[in-house]
Asker: 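Sharing a structure with you now.
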Amino acid sequence: MAFAPSYEVLMIGRLFAGIGIGFGVMIAPVYIAEISPSVARGSLTSFPEIFINLGILLGYISNYAFSGLPVHISWRVMLGVGIIPSVFLGFALFVIPESPRWLVMQNRIEEARIVLIKTNDSEKEVEERLAEIQLAAAGMANAENNEAKAIWREILNPSPPVRRMLITGCGIQCFQQITGIDATVYYSPTIFKNAGIKGNTQLLAATVIVGLTKTVFILVAIFLIDKVGRKPLLYVSTIGMTTCLLGLSLALAFLGNGKLGIGSAILAVCGNVAFFSVGIGPVCWVLSSEIFPLRLRAQASALGAVGSRVSSGVITMSFLSVSRAITVAGTFFVFAVISALSVAFVHTCVPETKGKSLEEIEMVFHHEGEWQGSEVEMGDAQRLMQKE
C-alpha cells in the first residue's frame, strides 16, 4: 500500500491486509486460550487486545509525527511503518509451538505433552490437562463430527447447549461493537470538533489522549481478569460505558462549545474507552475463545469474529450519515441505549468461566441454570464425556 501507484492498487492492498487481520483476529485468541494454563488464561488471552490498542496508539502518534511531511509522502510513510511488526510476527511463527489440543486431534500425543510441560507448573497438572484434552477429542478422528460439513451443520442447526454457546459468544462480540467503540475511536476528531475544539493540533492531541487511555486501561484488565473474574469486569464495563455515552450525548447537546462542554466531552470519551478496555474489550475475546467445545472452537470463534467485524463495519460506515440525520449527540444517545441493553445481556447470557479448564467450561452450557451462573463441579466434564 505504501508504494501504491493508484487508488485501485491501494484498495487491493487494503483488501489483502484485511484478510490477514481477519485471520489474526480469529486465530490469536483461540490459540492462546488452548495453550494457556487455566489460572492465567484470561490474562494471556487479553494480550491481542493490548497490542491492538498499542497499535492504535502508535498509529495516532505516527500520524502526528509524520503530519509535517509533504502530503504526497506522509501517508505513504504512515502505511509503510506497519511492515515492521508484520516482519517480526512472521519470524516469531517459526518458533512458537503448536496448540496441544490440535496435536492431540492429530494423535501426536507426545508432542502435545511436551508443549503442556512448557506451559504448566507440574507434571501432575500436565497429565490432568492431557487426559481432559484426550477425553474431549475422543472419537473425533473417526467420526463424522470432524468433517467440516458436519461441524457447520451442528453450528447452523445447534443443540440447546451449542445454541447457548453461540448466543453468548456471538452476542458478546456484536455488543462489543454496536455500543460504538470503533466510531468513538475513529471519529474522535469529529466528536471533539463538534464539542468545540477547532485547531488541528489540539484535535490530534486530544485523539492521542484517547488512544493512551485505551491502552493504559487494557493493562488494568490483564491484572484483574483472572482475579475478579470475567463477569464482574463486564458489569463494570457495560454500566460505565452506558454512563459515559449518556454523558457524552448530554454534553454535546446542552453544554455548547465552551470550556465546560469541551472538557466534559473529552472526559466522557476517555471514560468510555477506559471502561471498554477494562472489560468488554478484552473479555469478549477471552470468552469467545474458551466457551466452545474442541470440535467447534475454530469455526464458532470465526463466526463470532465475523459478527464483530461486520458490526464494526456497519457502525463505522453509517456513523457520519446517522450523525447528520440525528446529530452526533443523538447518535451517542442511541449508543447509550444499546450499551444499557448489553448490561442485561451480560446478566442473562454470560456465565463466569474464571479458573475452569476449557473442558469444564463446556459443562456450563449443558443446563440452562448453569448457563446463567451456577458453578460446575470438577468431575462434571468427565461424566459428560462418558455419557456421550
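Keep in mind that what you see is a predicted model, and the values were worked out from it rather than measured.
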Asker: First locate atom CZ of F365, then atom CD1 of I167, and finally report the distance between them rounded to the nearest 0.5 Å.
Answerer: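 Answer rounded to 0.5 Å: 10.0 Å.
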
Asker: Can you say whether the rings of F335 and F319 are parallel (under 30°), tilted (30 to 60°) or perpendicular (over 60°)?
Answerer: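 Judged by the thresholds at 30° and 60°, the geometry between F335 and F319 is parallel.
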
Asker: Between S264 and G261, is there a donor-acceptor pair closer than 3.5 Å when you use the side chain of the first and the backbone of the second?
Answerer: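 Pair absent, no side-chain N/O of S264 close to backbone of G261.
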
Asker: Do I84 and F88 have side chains that approach each other closer than 4.5 Å (heavy atoms only, starting at C-beta)?
Answerer: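 No, every pair of side-chain atoms sits at 4.5 Å or beyond.
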
Asker: What distance separates T353 OG1 from E290 CD, expressed to the nearest 0.5 Å?
Answerer: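 The distance works out to 3.5 Å.
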
Asker: Given the rule that I, L, V, M, F, W and Y join up when any side-chain heavy atoms are under 4.5 Å apart, are V228 and V236 in one cluster?
Answerer: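 Shared cluster, yes.
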
Asker: Is K354 reaching over with its side chain to a backbone N or O of R230, donor-acceptor style, under 3.5 angstrom?
Answerer: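 Such a contact is absent between K354 side chain and R230 backbone.
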
Asker: If we ignore hydrogens and angles and just use 3.5 Å, is the side chain of S301 paired with the main-chain N or O of S288 as donor and acceptor?
Answerer: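 Looks like yes, one N/O pair under 3.5 Å.
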
Asker: Counting only N and O atoms by type, is there a donor-acceptor contact under 3.5 Å from the side chain of R163 to the main-chain atoms of P158?
Answerer: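 A pair under 3.5 Å: yes.
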
Asker: Any chance you could measure I280, atom CD1, to Q173, atom CD, to the nearest 0.5 Å?
Answerer: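 Separation between the atoms: 9.5 Å.
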
Asker: So, the side chain of S342 versus the backbone of S339: is there a donor-acceptor pair under 3.5 Å, distance only?
Answerer: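 Present.
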
Asker: Please confirm whether the backbone N or O of C349 pairs with a side-chain atom of R164, one donor and one acceptor, at under 3.5 Å?
Answerer: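 Not at all, since once roles are kept as given, no pair shorter than 3.5 Å links the two residues.
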
Asker: Is V314 reachable from V306 through a run of I, L, V, M, F, W or Y residues, each pair having side-chain heavy atoms under 4.5 Å apart?
Answerer: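 In one cluster: yes.
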
Asker: Nearest 0.5 Å, please: how far is CD1 in I262 from CG in L252?
Answerer: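 Rounded to the nearest 0.5 Å, the CG-CD1 separation comes to 11.0 Å.
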
Asker: So, for P232 and E352, which heavy atoms are closest and what is the spacing to 0.1 Å?
Answerer: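 Heavy atoms only, the tightest pair is CD-OE1, 3.3 Å.
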
Asker: Taking M165's backbone N and O only, do any of them form a donor-acceptor pair with T168's side chain (distance below 3.5 Å, no angle check)?
Answerer: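 Looks like no, no N/O pair under 3.5 Å.
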
Asker: Keeping S277 on the side-chain end and A274 on the backbone end, is there a donor-acceptor pair under 3.5 Å?
Answerer: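 No, S277 side chain to A274 backbone: no donor-acceptor pair under 3.5 Å.
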
Asker: I'd like to know if the side chain of S312 and the backbone of Q177 have a donor-acceptor N/O pair within less than 3.5 Å.
Answerer: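 No; zero donor-acceptor contacts below 3.5 Å.
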
Asker: For C174, does its backbone N or O pair with a side-chain atom of S308 as donor and acceptor, under 3.5 Å?
Answerer: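 Absent.
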
Asker: Within the supplied structure, the quantity of interest is the number of heavy atoms (other residues, nucleotides, ligands) at a distance under 6.0 Å from I83 CD1; does it exceed 12?
Answerer: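 No, the 6.0 Å shell around CD1 holds no more than 12 heavy atoms from other groups.
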
Asker: Has Y235 got more than 12 heavy atoms of other residues, nucleotides or ligands less than 6.0 Å from its OH?
Answerer: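 Yes, OH of Y235 has more than 12 neighbouring heavy atoms, counting only those of other groups under 6.0 Å.
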
Asker: Could you check whether atom CZ of F217 has more than 12 heavy atoms from other residues, nucleotides or ligands sitting under 6.0 Å from it?
Answerer: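 Counting neighbours around CZ of F217, 12 or fewer heavy atoms of other residues, nucleotides or ligands fall under 6.0 Å, so no.
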
Asker: In Å, rounded to the nearest 0.5 Å, how long is the span from CD1 of I315 to CD1 of I338?
Answerer: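 The CD1 atom of I338 is 6.0 Å from CD1 of I315, to the nearest 0.5 Å.
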
